[in-house]
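The structure appears below as structure tokens.
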Amino acid sequence: PYAVLATGTRAVGEYFRGQDQFGTVAPGQRADLLLLDANPLQDVANVSRIAGVMTRGRWLPKSAIDAQLAQIAAGYRQ
């Protein structure tokens, strides 16, 4: 699980040469974080158990994310 998580976070910053902006948690980085309901190091499938997202310093609870996704899906059904 650790290797999978590192590949989807730190390695992305390294690949795009953006380590000073994203891929790790450090002062001055963008505040893009997932808060999970379970430990992804115990089971990588736990990354789907999202409680909320901190994106660019703004907190979005799962209910807000679900509402936005439903709105997007409804737009495609029309």
Side-chain angles (χ1 to χ4, degrees):
Y2 179 83
V4 171
L5 296 170
T7 299
T9 56
R10 186 182 66 239
V12 174
E14 292 168 359
Y15 180 81
F16 288 107
R17 295 182 173 87
Q19 307 92 301
D20 59 335
Q21 297 174 15
F22 58 91
T24 60
V25 178
Q29 302 272 38
R30 291 188 345 204
D32 296 342
L33 302 168
L34 290 175
L35 177 62
L36 304 174
D37 288 324
N39 187 345
L41 293 173
Q42 292 175 344
D43 182 351
V44 76
N46 287 335
V47 297
S48 65
R49 298 184 59 190
I50 298 171
V53 175
M54 179 69 76
T55 179
R56 297 185 185 255
R58 188 171 141 232
W59 174 248
L60 295 171
K62 185 168 181 353
S63 58
I65 295 166
D66 290 344
Q68 288 178 359
L69 289 173
Q71 186 177 25
I72 291 167
Y76 281 101
R77 284 192 293 267
Q78 296 176 348

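- Here Leu60 contributes atom CG and Gln68 contributes atom CD; the two are 6.0 Å apart, rounded to the nearest 0.5 Å.
- Partners of Asp20 by salt bridge (Lys or Arg N to Asp or Glu O under 4.0 Å), not counting sequence neighbours: none found.
- A chain of hydrophobic side-chain contacts below 4.5 Å, direct or via other Ile, Leu, Val, Met, Phe, Trp or Tyr residues, connects Trp59 to Leu33.
- Placement of Leu41 and Val47 within a single hydrophobic cluster is found when ILVMFWY residues are connected by side-chain heavy-atom separations under 4.5 Å, directly or transitively.
- Atom CG of Leu34 and atom CD1 of Ile65 lie 8.0 Å apart (nearest 0.5 Å).
- When every heavy atom of Ala45 is checked against every heavy atom of Ser48, the shortest pair comes out as O-OG, 2.9 Å.
- No continuous path of hydrophobic side-chain contacts links Val25 to Val53 [ILVMFWY only; heavy atoms under 4.5 Å].
- With a 4.5 Å cut-off on side-chain heavy atoms, Met54 and Asp32 do not count as touching.
- Closest approach of Pro1 and Pro40 over heavy atoms only: CB-O, 3.3 Å.
- With rounding to the nearest 0.5 Å, the separation of CZ in Arg49 from CG in Leu36 is 9.0 Å.
- When every heavy atom of Thr24 is checked against every heavy atom of Gln29, the shortest pair comes out as OG1-NE2, 2.6 Å.
- When all heavy atoms are compared, the tightest approach of Val44 to Val4 is CG2-CG1, 3.6 Å.
- One finds the CZ atom of Phe22 at 10.5 Å from the CD atom of Glu14 (value rounded to the nearest 0.5 Å).
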